[in-house]
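Within every chain, numbering begins at 1; the chains are lettered A, B, ... in the order of the sequence lines, protein sequences first and strands thereafter.
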Amino acid sequence: MYIELHARSAFSFLEGSALPEHLVDAAHSHQMGAMALLDRDGVYGAPRFHLAADKIGMKAHIGAEITSPEGWRFPLLVASRTGYQNLCRLVTQMKLRAAKEKGHITPAEAAEKSEGLICLTGGEEGPLAHALRRGGIERGIEAVRELCEVFGRDNIYVELQRHLSRAEETRNQAAVEIARKLKLPLLATNGVNYATEEQREVLDVFTCLRHHRTLATAGRLLARNSERHLKTPAEMDRLFADLPEAIANTEQLSSRLKFILSDLGYQFPRYPVPDGGTEATFLRKLTMQGMVRRYGAHNQRAYEQLERELTLIVKLKLEGYFLIVWDMVRFCNEHNILVQGRGSAANSAVCYALGITAVDPVGMDLLFERFLSQERGEMPDIDLDLPSGDQRERAIQYVYERYGKLGAAMTANVITYRGRSAAREIGKALSFDPETLGRLTSLVNAWEYKDAKDTLDRHFRDAGLDMHHSQIRKFFELCLKFQDLPRHLGQHSGGMVVCQGMLDSVVPLEPATMPGRVVVQWDKEDCADMGLVKIDLLGLGMMAVLEESLQIIRDDYGENIDLGKLPPDDKTIYDTLQKADTVGMFQIESRAQMSCLPRLKPKKFYDIVVQVAIIRPGPIVGKMVNPYLKRRQGREPVVSLHPSLEPILARTLGVPLFQEQLLRIAMVAAGFSGGEAEDLRRAFGFKHSEKRMKEVELKLRAGMDRNGIVGDAQEKIIQSITSFALYGFPESHAASFALLAYASAYFKCHYLPAFTAAMLNNQPMGFYQPATLVKDAQRHGLRVTPIDVTCSNWLCKLEPRDPDFSVRLGLRYVKGLRAETGECIVNERSRGAFTSIDDLKLRVPSIRKQELRALAEVGALNFIAGRNGFHRRDALWQVERAARNAGPLLETIEEGEFTTHAAAELPLDGELSRASTAKSPLQRMSDEERLVADFHGTGLTVGLHPMGYHREELRRAGARTARELQSMPDGVRVRVAGAIICRQRPGTAKGFVFLSMEDETGIANAILTPDLFDEYDITFIHKPFLLIEGTLQNQDGVVSVKVERVEALSLTRAETTSHDFH
Amino acid sequence: MAFASIHIPDFPVQAVVRMHAHLRGRAIALVDGVPPLVKVVAANPAAFAAGIQVGMSKSQAEQFTGIEIHNRSRALEKAAHAALLDLGWSISPRIEDHAPHEIVVDLAGLEALLGSHENIANEMARRAASLNLSAHIAVAANLDVSIHAARGFAGITVIAPGKEAARLGVLPIEVLLPSEDARETLENWGIRTCTALAALPTLQLSERLGQEGVRLHEHARGAGVHSLVLAQAETFFEEEMELDEAVEDLEPLSFLLGRLLDQLCARLAARSLSASAIHLRFDLGDLFEYEAVPGVAAPHVGKATEKIYCKTLTLPVAMRDSKLLLKLMRLQLQSDPPPGSIVKIALATDPARQRFAQTGLFVPSSPDPEKLELVLARIAKLVGEPNVGSAEVVDTHRPGAFRMIHFASPANDRSSRALRRSHGVVQPEAESQQYRPTTAFRVFRPALQVRVELRYGSPARVFFRGLRGYVMSASGPWRTSGDWWREDAWRQDEWDLDIRFDPTHTPQPTAFAAPAQKSNAAIAPTGLYCFCFDSVSQTWFVRGMYD
């Protein structure tokens, strides 16, 4: 029986066009018992190949094609674990020492690590074909002999491929002759590049991308035919009917390949324990110390929980893992890096005791099995949130230092072809012009909701492409075929793997684009699937904001705030939340959250936990939001799904809102163990299969039957579980987020200047644009002052002002100003104030004309010559002169006339200065011009809101302000106008569109029906200012307008921006 | 001294409207590009007002009601430009060809003939209207002022001396055509009109905008100093003749063409130029418009109302021998005669510099290019245009693919080879050099259709040139497929067959046997042939035989 032993997948990046699992599927359908994957210079696709094969009981052989210095490739198959380790080391060696795509391995290096590897002579890119091309059969014999010396005679197979090509057959005849002469075995392969014949088209497009050609100009670079698909054993038998031993040898060689990927030999690093103890005793000691700190010495419940968890941790041999995460948290704490564990780790009391998480799972009665269970046999997943930016990088570099360059690495992120990227690449190959491609790709919009008309076909027509044209049709087909194929390897945002010993013997390592980083060839999921322990060090914008807020408060207010000791029941915070005044607050600032807050009326911390979790697809799809809110408002009785579930659902008023609840429901209603319940969640989770879901559902029903839960109650429970498993939010996760939400609310309510400055310094992040954040802060009484080179730093900062602080915008908000220029300006200023624009230009010589213009345009140079300095046009006038290099001879000529006094006025140190402080002949900017300049130059204005300039005319048009709407009764007909700051069409809203409109008094919300949206879509999507008319809905303090009529307003040319399509 | 500037707004649109009078007054958008990627490139104010934007796709533009969408025509623009020059020259010999849509006419001395400046401007407008052009005309003592005023003011504008700055003042600075950088600076300064620009101090402006600032400032003040650059008369040579009686036969037509060609060549000779192409256009008394390009089959489709026949004679070397040109044109017309009687003849040339007599000291002697071209034209008449030239191998796996390229002079040939190299034509693989079979191969062009009987998937018997052959041994299939993204995708299996023919077999009168009867005697009793099966048409062919 033939076995395919030389196949490439799409993980050979542009040299294969099938996913590994599709190759496995094809091999399985051909009834092959095994198959080998040899991707180019790596084992990128090996985990997916192995797992897919393992699932159906097929044997997955691993290998790779390794590039030689001459460009041909060694096709290597792994026979043993040593062979695999050698292969990984060879790949790592070549990758780490060379630029991307440039590495190679010499025969001498291969010889050093040849144990456990079997080498084929290859197809047209193999060593034999290369030798035959260069020197005929004599050189071919020599090349095969060299291979025998490198890998040993017993590990060489002379490979034959038949793709119905005369030239290849000529080569085959030479190969057979060489094999006979050297007494080496023949081996038939098909040099597979794709699973099915149709995938040749994708490979041809890949070839064009690789060679920067189009299909029309690629000529013979394209495939000669479509014969490189995975052929059936019968087809291969027919092809090699004259050489049956070449077929028979495939089975014989397959039997020699003992290694499979589950035999990786990965070991998690051991933590160096002090004083001769064990990891287990050290972990126990740290945990118990933490327990006393967190719970006090006599909390029996906490003690029992910790004991239970520690027992399981020791049983699963995970002590080292917990210690290593603890060690990282310790490092962060010691270096003032804000850190917080989240995700399911917050279900663990051990994590809480060790200071990894800040949520008390005992107090909140969280389910430990959601984090760790014996049944699952999986590594736990601890995510650490760190401030995005430099602080997170410090934590990552600590891991590298601790475990060595070859002991730790980032996980990869496989970037796949999606709608836009695929369309762009295919369009290029089909010779479409860039402008059309740009238009097409921009039309592949990101609406979450897709209505029946929102098809790819429609996008094509919208882009002016005729679907009846054959090339366009082919373009369309290729776009579909490209979806999800790997494009290149990126670096995961925070996932790290560490290993006892050398990680490069477990998985090949590559240099990341970012200096100082090393990345493994597998993505996060593959690492988890292969049992590699992964720690996610995630950058969170809000953590950076909190950390910076703390720093600013320390520096400017002189107060030290401990985030762990914030007052838990701050009335101001809850009053603010109940009014939905939450712009800028973590997780509770979106329009949907704001529309829920006045109805939920949070009064205590747990309400924030619920608030964070309730506006999620799970509760929305499961129709849990309204019942919960009604029960909370006392408008509906609290009834549980079943009396036995009352204790589980009591905290959420009988409505399941969290994943932990569904796990407990399964445990109580159907008698599942904790691990079985977590399995259930996974069965319904993202990687669900129909078969597995059915099995679990049957088990669930059987359990409920046994417990006497039947009929409607059973159906309701099944319904809750199925809708929640996929989209539900874990309570522990919600609690971690709620802590951050509370902290952000605390800072906003009590330290608004510091919080605003920190928010502005960490953009982009959150839901709103900086322009909205500034306006919101101003409405709360904060004074925000404009950018000024005489006092602005690169970042926004506080300036003392009675009675509080004002925020001075930083130079970072000047569009087009480079960070190094900004820093240089600040440094120079610290040596002495600038006396003029010329002085600035002389002292910051690297500043460019466009940068000077940008500074002048936004008024940042107005006060450079004193407080009664220029207006913006004066500055723009001066800038044009300053930016022109007059040369030393004319340096002293001022404003067009030679000034004999100029030399006398020069500074004593002899420096030449063109102290041009004269006013310009230009007119001062009008309000409109200033507004346009502000938005064009900084994206925001600290002056009046654009709508404020037109209030009178808007009043004449009958428009109300956002604030006025708050006090108007439900059901009245209103008009309101504003700048659009957010457009949303959520997947769960059946095509309804939500608009947020801002004016000088606040934010108004509007809802559009799908029909109205269809009618006015261009107006809604493209017009920045709208006047809408409709019925006011004002219920429970939630105010919105149901739109019936819409009109675009032409108020200003200012380029306001909005946050769309989420 | 006075100058009149004539500015044609929305020039590409007007060029089209000029030829299609029924479009006057309609909202029009012009599209351009290679189908299906066709976009709006110009429109008139009515179309812009309706929502049309430059850059829209044709299908987007078609969604607007009441918009006439037409293809942009550079030929019509060229003709409109020529008409604009004609308009200028009809008034004065001293004109400046400022842009395709702008000319300046020196009015010196015209008052005596045509009256006041207003009268002259009115006369220009009248003549422009007679050419189906709507023009902005401005008269001023300063040449630049007249240009800027014509750009900025609609209709007729006469600016009295000394009033230049005041009149130009209201115009936007865009009429001065500042560079992008200067425009951005002026926009930043809030300078939007010529008045505002003129008010800036010159010296300080020059410090900021350099010489361009000075130029713009002068122009804004109406003080530009720009001498008239006289237009070179007629770089596009055209002659036309309207016939009193329609002509149908070639002989009288040749007589008329000869006269026109004599005139054209004489004009070319006077300017030391030759023709690199001759454009022939007939207005027909009936039938359709179509454009014929040598080498491409002329589609007999078009607008029945136009009744125009066009033909272009592209010459490999520039020439101006009217007799030779007439012979070439006659040969072209004989192979592709006009489909109806001719009522108007227009001949135009693309002028070019004269050909060098000697291309190089060591260039081997070759036929005189003019004579060679004449011979080729005669051959093309016999065998068809696409079948003349030198074969060039195409970079593709498609078996036997080649294209015919026009014979070129040795110098041109060298450059075309270099060009092909620079375009990345892939050279044959080294591998195939090493292992390519050395046997010679006779290609049958076109490949002959044959009948093949298969046994176990391999050819067993073939019916070929009226003979029956037995396949003694077969090698194959050698499979190629490609161009899957095009309509003419192919997939072929080639077989190398050792065939022994059956001498006793009596040929059957089959569709493919008949034409080959005569050559049966030449067929050897055995032979090694290359057969191929076209999977698309499900047909067997014999591609050729190995020697």
Side-chain angles (χ1 to χ4, degrees), chain A residues 124 129 132-134 136 163-167 169-171 174 200-201 204 213 215 217-227 430 432-433 435-436 439 461-466 469-472 474 478 853 856-857 873 876-877 880-881 884 886 895-897 920-923 925-926 929 933, chain B residues 33-39 55-61 184-185 188-191 196 199-210 213 394-397 423-426 428-437 457 475-487 491 493-494 496:
Chain A
E124 64 184 359
L132 289 172
R133 275 195 294 269
R134 291 184 61 194
H163 301 117
L164 310 186
S165 148
R166 285 188 182 89
E169 195 49 35
T170 312
R171 197 167 62 222
R200 171 260 178 104
E201 295 181 0
D204 274 351
R213 300 280 180 93
L215 285 163
T217 60
R220 281 167 295 167
L221 293 170
L222 302 180
R224 175 182 287 273
N225 55 36
S226 313
E227 294 300 310
L430 285 169
F432 286 9
D433 69 284
E435 199 183 324
T436 304
R439 198 172 65 239
R461 274 187 284 111
D462 286 348
L465 299 172
D466 177 8
H469 193 277
S470 62
Q471 226 172 333
I472 301 293
K474 189 53 84 178
L478 284 168
R853 273 186 189 170
E857 190 189 349
R873 287 259 166 77
L876 281 163
W877 179 254
E880 292 301 328
R881 182 172 183 267
R884 276 186 179 257
E895 288 302 321
E897 55 182 345
S920 75
L922 303 177
Q923 294 288 318
M925 280 188 184
S926 66
E929 285 172 334
Chain B
V34 181
L37 311 173
V38 179
K39 295 167 219 158
M56 275 180 172
S57 72
K58 187 180 179 184
S59 14
Q60 283 173 319
E184 189 188 338
T185 303
N188 281 338
W189 289 348
I191 303 297
L200 296 179
T202 316
L203 213 50
Q204 293 177 19
L205 190 66
S206 76
E207 286 177 332
R208 286 159 177 81
L209 294 182
V394 183
D395 180 20
T396 172
H397 291 299
H423 284 192
V425 175
V426 179
E429 295 167 23
E431 176 186 33
S432 43
Q433 296 294 341
Q434 181 75 29
Y435 287 99
R436 179 177 286 176
S475 166
W478 312 118
R479 183 165 295 160
T480 54
S481 61
D483 288 350
W484 45 263
W485 63 95
R486 293 178 8 184
E487 296 285 7
R491 179 186 153 111
D493 282 357
E494 285 184 356
D496 295 325

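Residue Trp484(B) comes nearest to Glu201(A) through the heavy atom pair CZ2-O, 3.4 Å, listed as atom of the first residue, atom of the second, then distance. Across all their heavy atoms, Trp485(B) and Leu430(A) have their closest contact at CB-CD2, 4.0 Å. When all heavy atoms of Asn188(B) and Met925(A) are compared, the closest pair comes out as O-CE, 4.4 Å.
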Step by step, would you call Leu922(A) with Leu200(B) a side-chain contact (heavy atoms from CB on, under 4.5 Å)?
-> CA-CA 8 Å; Leu922(A) 303 177; Leu200(B) 296 179; 3.6 Å; yes
Evaluate the side-chain contact (heavy atoms from CB on, under 4.5 Å) criterion for residues Arg166(A) and Glu494(B): first the C-alpha distance (whole Å), next the side-chain angles of each, then the deciding distance (0.1 Å), finally the verdict.
-> CA-CA 10 Å; Arg166(A) 285 188 182 89; Glu494(B) 285 184 356; 2.8 Å; yes
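Between chain B and the residues Leu478(A), Asp204(A), Asn225(A), the largest count of heavy-atom pairs under 4.5 Å involves Asn225(A). Comparing Leu205(B), Thr480(B), Ile191(B) by heavy-atom pairs within less than 4.5 Å of chain A, the highest count is held by Thr480(B). When the candidates Asp483(B), Leu209(B), Thr202(B), Val394(B) are compared by the number of heavy-atom contacts under 4.5 Å with chain A, Leu209(B) comes out ahead. Here Arg200(A) is the residue among Glu929(A), Arg200(A), Glu857(A), His163(A) with the most heavy-atom pairs under 4.5 Å with chain B. Each of Ala196(B), Ser475(B), Gly210(B) has some count of heavy-atom pairs under 4.5 Å with chain A, and the biggest count is that of Gly210(B).
Heavy atoms of Ala223(A) lying under 4.5 Å from chain B belong exclusively to its backbone. Heavy-atom distances place no part of Arg486(B) under 4.5 Å from chain A, backbone and side chain included. Contact annotation for Thr396(B): only backbone heavy atoms (N, CA, C, O) come within less than 4.5 Å of a heavy atom of chain A. For Ser226(A), the parts lying near chain B are the backbone and the side chain together; criterion is any non-hydrogen pair under 4.5 Å.
Distance alone, capped at 3.5 Å, is enough to place a donor-acceptor pair between the His397(B) side chain and the Leu222(A) backbone. Arg208(B) contributes a side-chain N or O that, together with a main-chain N or O of Trp877(A), makes up a donor-acceptor pair within less than 3.5 Å.
Here the straight-line distance linking atom OG of Ser206(B) with atom CZ of Arg881(A) works out to 10.0 Å at 0.5 Å rounding. If you take OG1 on Thr185(B) and CG on Leu876(A), they are separated by 9.0 Å, rounding to the nearest 0.5 Å. Between atom CD of residue Glu184(B) and atom CZ of residue Arg853(A) there is a gap of 4.5 Å, rounded to the nearest 0.5 Å.
Stacking of Arg873(A) on the aromatic ring of Trp189(B) is not recorded, the 6.0 Å distance cut-off and the 45° axial limit not both being met.
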